[in-house]
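Structure record follows, encoded as structure tokens.
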Amino acid sequence: MYDYQSRVEELDIEAFQTNLIQWFSEKHRDLPWRQDPTPYHVWVSEIMLQQTRVDTVIPYYQRFMEKFPTPDALAKADEQDVLKVWEGLGYYSRARNLQTAVQEVVEEYNGKVPDNPKELGNLKGVGPYTKGAILSIAYQQPEPAVDGNVMRVISRILRVEEDIAKQKTRKLVEGIISDIISREDPSSFNQGLMELGALVCKPKNPVCYECPLQDHCQAYKHDLQETLPIKSSKKKQKRKPYAVLIIRNEKGEILVQKRPEKGLLANLWQFPMISLEEVDFSSIIQWFRNEYGLQLELDQQVTNIKHVFSHLVWQLDVYAATVKDGTLAQDKGVFLDYSDLIQLPFPVSHQKMIPFI
DNA sequence: AACCCGGGGGT
DNA sequence: ACCCCAGGGTT
């Protein structure tokens, strides 16, 4: 790997810091978690912002803080209520890990979010980025907080041509930030880099003529701003076909089931779904009687849904069905009426089926 | 180091 | 259709 130390030494670090922090103070967006950046506020916002856009997060953050205004409130909450507030935001393990970690803060640290890298980094769901963000933004410590924005900005400024998908490149950039971060205002410095990445130094069509760091930028100097950063592409998703059953009993209630506590969409709820790679469609009724103990009548297909995850694609054919006979086997779900069912957290793919009930 | 884990929006 | 997003956990 190329040694970027000489390029850091060529930077006018004082001017870089001043230009960046001045720009941030003038141009930053007024975001809810910036109004009172307590460690808890910063923490919750950073977890929500992982792989998620600012505009998407804003209403979730506001609802979350109304419901769980303090670490204590979140620690005591029912996990299903936390997931319900998170419903639709995705990466649900973030919510479960956050609650676990906040419970640890309440029990081990008397409710005070740790202010050192070691204890902070040991909390569930707090990785290198989130740790650095809390330390710099809430505690004004000069720690790097390297997210996708910072990777892109720094790779352009210093003409880093390594693959930014690699861990090694992130560590390289952390080292660079440690060398150039403002000791006077690490919060504005780190947030400034991220804000710059979001508003100016964008992935496509960066607005270089508005950039406060133009004079420092090697990519701009060599007209490489559209070329950098270099990122290896990920492989495409696998398709998985399923039949989903909206099953109504004689009382008009609908069968729903809780997903396993580990893996994809853990602890969320769904309508029963059957892999069409494992069960042939023509034998679903028989298969269902064996597995669930219920004799069904298949009414009609009500919709089909294509749901894209980052790593796979669900192809869902949704059918209405009616219970004709039998007793539901143990741990196979529960029949609920509509008003009870909508209290539960569903992944978006299954939320889309609720209108067809 | 490679893979798993959601959902939405931009182009 | 493809890329991107204020990443972290597991193996």
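Throughout, a chain's letter reflects where its sequence line sits, starting with A, and its residues are numbered from 1.
Atom name P, nucleotides C:dT10 and B:dG6: the rounded distance is 14 Å, in whole Å. Rounded to whole Å, the separation between the P atoms of B:dT11 and C:dA6 comes to 14 Å.
In terms of position along DNA chain B, the nucleotide closest to A:Lys166 lies nearer the 5' end than the nucleotide closest to the other residue of the pair A:Lys166 and A:Lys352. A residue-by-residue look at A:Lys204 and A:His311 shows that A:His311 has its nearest nucleotide of DNA chain B further toward the 5' end. Toward the 5' end of DNA chain C, the nearer of the two residues A:Gln167 and A:Thr52, judged by each one's closest nucleotide, is A:Thr52. Projected onto DNA chain C by closest heavy-atom contact, A:Leu123 and A:Ile137 fall at different nucleotides, the more 5' of which corresponds to A:Ile137.
Counting all heavy atoms, side chain and backbone alike, A:Leu224 lies closest to A:Arg159 at CD1-NE, 3.4 Å. Across A:Met353 and A:Ser349, no two heavy atoms sit closer than the pair CE-O, 3.5 Å. Across all non-hydrogen atoms, the minimal contact from A:Tyr4 to A:Glu161 is OH-N, 3.2 Å. Closest approach of A:Val105 to A:Val113, counting heavy atoms only: CG1-N, 3.9 Å.
A:Val54 comes within 4.0 angstrom of a nucleotide base, judged by non-hydrogen atoms across all strands. Looking at heavy-atom distances under 4.0 Å, A:Ser310 makes contact with a base. Contacts of A:Ser45 with the nucleic acid, taken as non-hydrogen atoms under 4.0 Å apart, are absent. Residue contacts for A:Arg259: at a heavy-atom cut-off of 4.0 Å it reaches no nucleic acid atom on any strand shown. Across all strands shown, A:Tyr129 has heavy atoms under 4.0 Å from base atoms, whether or not it also approaches the sugar-phosphate. Residue A:Leu89 is classed as a base contact, given a heavy-atom separation below 4.0 Å to a base. A:Gly197 comes within 4.0 angstrom of nothing in the nucleic acid, heavy atoms only.
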Side chain to side chain contact (heavy atoms under 4.5 Å, CB included) assessment of A:Tyr109 paired with A:Glu119: CA-CA 10 Å; A:Tyr109 304 112; A:Glu119 290 174 343; 3.4 Å; yes
Working for side chain to side chain contact (heavy atoms under 4.5 Å, CB included), residues A:Ile246 and A:Phe356: CA-CA 9 Å; A:Ile246 310 285; A:Phe356 293 95; 5.7 Å; no
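Residue A:Lys202 contributes atom NZ, which lies 12 Å from atom P of C:dA6 at whole-angstrom precision. If you take OH of A:Tyr60 and C1' of C:dA6, they are 17 Å apart, rounded to a whole angstrom. Atom pair A:Asp55:CG and C:dC4:C1' shows a separation of 14 Å (rounding to whole Å applied). Note: NZ (A:Lys131) to C1' (C:dG9) measures 15 Å, nearest angstrom. As a whole-Å value, the separation of A:Asp147 CG from C:dC4 C1' is 12 Å. Going from atom CZ of A:Arg34 over to atom P of C:dA6 covers 11 Å, rounded to whole Å. Remark: P of C:dG7 and CZ of A:Arg53 are 11 Å apart, rounded to the nearest angstrom. When rounded to the nearest whole Å, the span between CD1 of A:Ile58 and C1' of C:dA6 equals 13 Å.
Salt-bridge annotation for A:Glu174 and A:Lys171: absent, with no side-chain N of the basic residue lying under 4.0 Å from a carboxylate O of the acidic one.
A:Phe281 and A:Tyr242 end up in different hydrophobic clusters when Ile, Leu, Val, Met, Phe, Trp and Tyr side chains are linked at under 4.5 Å.
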Secondary structure of DNA chain B in dot-bracket form (Watson-Crick or G-U wobble, distances below 3.5 Å, | marking inter-strand pairs): |||||.|||||
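Contact annotation: A:Gln51 side-chain N/O to C:dG7 OP1/OP2 distance is under 4.0 Å.
Aromatic ring centres of A:Tyr60 and A:Phe64 lie farther apart than the 6.0 Å criterion allows.
Bracketed by its first and final contacts, the part of DNA chain B lying under 4.0 Å from non-hydrogen atoms of chain A reaches from B:dA1 to B:dG8 in 5' to 3' order.
Side chain of A:Tyr91, nearest nucleotide from C:dT10, C:dG7, C:dA6: C:dG7. The side chain of A:Trp33 has C:dA6 as its nearest neighbour among C:dC5, C:dG7, C:dA6.
A:Arg63 places no side-chain N or O within donor-acceptor distance of the main-chain N or O of A:Val85, the cut-off being under 3.5 Å.
Inter-residue side-chain proximity for A:Gln99 and A:Glu79 is flagged as met; some heavy-atom pair is nearer than 4.5 Å.
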